[in-house]
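On a predicted model such as this, the values are computed, not experimentally measured, just so you know.
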Amino acid sequence: MAAFGTLMLSLNLTAASREVSYAIEDAAYQAITKMAEDPRITKEVKKLAFVKMWLSTEDNKSVANFNSAVTVFESALGSVPGSFDIVLHSNRDQQWEMIDQVFDQAADFESYNPSTHPEFQKLELCDSMLLVKMVGAVDGGSDGVSSVRMAMKIIQVKTARQVWSSVIEGQYDGRSAPDNERLSYFARKALEAAAADAVAKLPASLDGYGVMIVPLQGNGGRAMTQIFMNALTAAGRQDRIRVYDLPNGNASDRMLGRYLWERTGSGKTLDSSVLKQVQERAGAKGRLAVMTGMVVSGRVFPETWVDPTGAPVDRLTGSYTDVRKNPTSFEIIADLKFRDVYDAFRVVAAVSANGVYKRDIGGDLLEQARSFVTIRNIAVLIVILLLIWFVRHFTLRVR
């Protein structure tokens, strides 16, 4: 446990990497979500000011990156959809000066005593203050899990009472993250075929809807979003079904996409403030739907394990030549659901589509012939020759 604690507390110069930043965003999202699910908090906290974050290490080398982490956390708090009014330093209210003067003198998360500062009771900036302490971070990079642990507490301004506390662990798994999605050429072509098939199957009942696409699940899900939009335009249906993408480019897009995806699974109605945000993002107040779905790989030929980036197949089922390093046939299956935003995310349409891309082996006749020289094919040929010999030998004996 002590060794784990040492690892967690080693906030080195990589602590402000993209992966750790996403883990910090996850911690902010979890914190707001956890507060929103607690009726005691929602009853007492309406206007919440993020006051300060402390770092539980004496490593001065991490100060610069820690400041970056604080900025990421504060920005993420303000981007999480919900009914809380999050007051940020960017609001530049004059009352922040008094708050900062007090907390700049507080040496640590635990050392602050709200009862010694009765002047806070006059604050109009907020009704509650959020104090945070980062107690650990691990940078797993793009091939691992990055995480941060944060202790948080909320102090009510008028009563100086602690109304909430929790330890939140934010995580980001770089191994399956959409930002690290890598697709080969033939996989993308299969996605395009699946998207075209999906658009062709869209029912007429979706005409007139504005559709917001949240991140699709599965390898290829992020790419499918843009490919689907292209297929809709190619089919000439972009005027009848208006599509709005959440491109995952900033915290606000990521937070809203995650919020909507989680709500579609629970069937909960949207808070009025979130609904307004969705309407503004979509630029429409008519019928609105959210498109969710899953993208998976179907049959791949040759039927063997193939790396998504096109690494060579094994010798048993693959070829001894370069032309068969990638499968010659690749299938993508996409299951899409359209859920009405105003009707507790009721499914109003569902489409199951598939796309197949077949790649020609290419090369001259000799090269194509060599591509079939595999251990499996040789074994099959030997079995066939043995069967022919056996049948012929048996027939001769019968005669």
Do the side chains of [X] and [Y] get close enough for a salt bridge, i.e. N-O under 4.0 angstrom?
X      : Y      : answer
Arg258 : Glu262 : yes
Asp207 : Arg237 : yes
Lys34  : Asp38  : no

task = Quick one: do Tyr259 and Tyr29 satisfy ring-ring contact (aromatic ring centres under 6.0 Å, His included)? Show the steps, please.
result = CA-CA 9 Å; Tyr259 183 90; Tyr29 185 93; 7.0 Å; no

task = Please list, chain by chain and in numerical order, all residues satisfying salt bridge (charged side-chain N to carboxylate O under 4.0 Å, His left out) with Arg263, sequence neighbours excluded.
result = none

Flag yes if [X] and [Y] sit in one hydrophobic cluster, no otherwise; membership is Ile, Leu, Val, Met, Phe, Trp, Tyr, and two members link when side-chain heavy atoms are under 4.5 Å apart.
X      : Y      : answer
Met294 : Phe330 : no
Val296 : Leu336 : no
Leu381 : Trp389 : no
Val356 : Ile333 : no
Val70  : Val132 : yes

message = Quick one, Ile99 with Phe103, criterion side-chain contact (heavy atoms from CB on, under 4.5 Å). Give me CA distance, side-chain angles, the key distance, then yes/no.
response = CA-CA 6 Å; Ile99 297 175; Phe103 284 97; 3.6 Å; yes

Side-chain contact, heavy-atom cut-off 4.5 Å: [X] with [Y]?
X      : Y      : answer
Arg149 : Val167 : yes
Asn354 : Glu331 : yes
Val102 : Asp100 : no
Lys189 : Glu192 : yes
Leu48  : Asp85  : no
Val199 : Phe228 : yes
Phe338 : Thr292 : no
Tyr22  : Glu25  : yes

So which heavy atom on [X] is nearest to which on [Y], and how close?
X      : Y      : value
Met134 : Ala69  : CE-CB, 4.1 Å
Ala353 : Ala198 : CB-N, 3.5 Å
Gly170 : Asp26  : CA-OD2, 3.2 Å
Met152 : Trp164 : CB-CZ3, 3.8 Å
Val163 : Glu44  : CG1-OE1, 3.5 Å
Pro203 : Ala349 : CG-CB, 3.7 Å

request  = Report yes or no: do Glu124 and Gln95 form a side-chain donor-acceptor pair below 3.5 Å?
outcome  = no

key: Test item: side-chain donor near acceptor, Thr159 and Gln156, under 3.5 Å   = yes

Could you tell me whether a side-chain N or O of [X] sits under 3.5 Å from a main-chain N or O of [Y], the two making a donor and an acceptor?
X      : Y      : result
Lys201 : Ser352 : yes
Ser75  : Thr71  : no
Ser273 : Gly82  : yes

Trp261 atom CH2: more than 12 heavy-atom contacts under 6.0 Å =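 No - once you tally the heavy atoms of other residues, nucleotides and ligands closer than 6.0 Å, there are 12 at most.
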
query = Is Lys337 atom NZ crowded by more than 12 heavy atoms from other residues, nucleotides or ligands, each under 6.0 Å away?
reply = no

query = Once the angle between the rings of Phe50 and His89 is folded into 0 to 90°, is it parallel (under 30°), tilted (30 to 60°) or perpendicular (over 60°)?
reply = perpendicular

To the closest 0.5 Å, what do you measure between [atom1] ([X]) and [atom2] ([Y])?
X      : Y      : atom1 : atom2 : result
Arg188 : Ile332 : CZ    : CD1   : 11.0 Å
Leu260 : Met291 : CG    : CE    : 13.0 Å
Leu191 : Gln226 : CG    : CD    : 12.5 Å
Met53  : Phe73  : CE    : CZ    : 5.0 Å
Ile241 : Met229 : CD1   : CE    : 12.5 Å
Ser147 : Glu169 : OG    : CD    : 5.0 Å

ask   = Which of these passes side-chain contact (heavy atoms from CB on, under 4.5 Å) with Ser128: Ile154, Val51, Leu123?
value = Ile154

task = Among Val274, Thr264, Leu275, find the one that has a side-chain contact (heavy atoms from CB on, under 4.5 Å) with Val341.
result = Leu275

ask   = Which residues satisfy the side-chain contact (heavy atoms from CB on, under 4.5 Å) test with Lys46, sequence neighbours excluded?
value = Asp127

inquiry  = Between Val295 and Gln217, does the side-chain contact (heavy atoms from CB on, under 4.5 Å) criterion hold? Intermediate values first, please.
reply    = CA-CA 6 Å; Val295 176; Gln217 304 301 298; over 6 Å; no

message = Check for me whether Arg287 meets the cation-pi criterion with Tyr209, that is, NZ or CZ under 6.0 Å from the six-membered ring centre and within 45 degrees of the ring axis.
response =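 That pair qualifies as a cation-pi contact.
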
request  = Run the numbers on Leu288 and Asp340 for side-chain contact (heavy atoms from CB on, under 4.5 Å), then give the verdict.
outcome  = CA-CA 6 Å; Leu288 285 173; Asp340 196 300; over 6 Å; no

task = Evaluate the side-chain contact (heavy atoms from CB on, under 4.5 Å) criterion for residues Leu270 and Tyr342: first the C-alpha distance (whole Å), next the side-chain angles of each, then the deciding distance (0.1 Å), finally the verdict.
result = CA-CA 8 Å; Leu270 287 180; Tyr342 298 106; over 6 Å; no

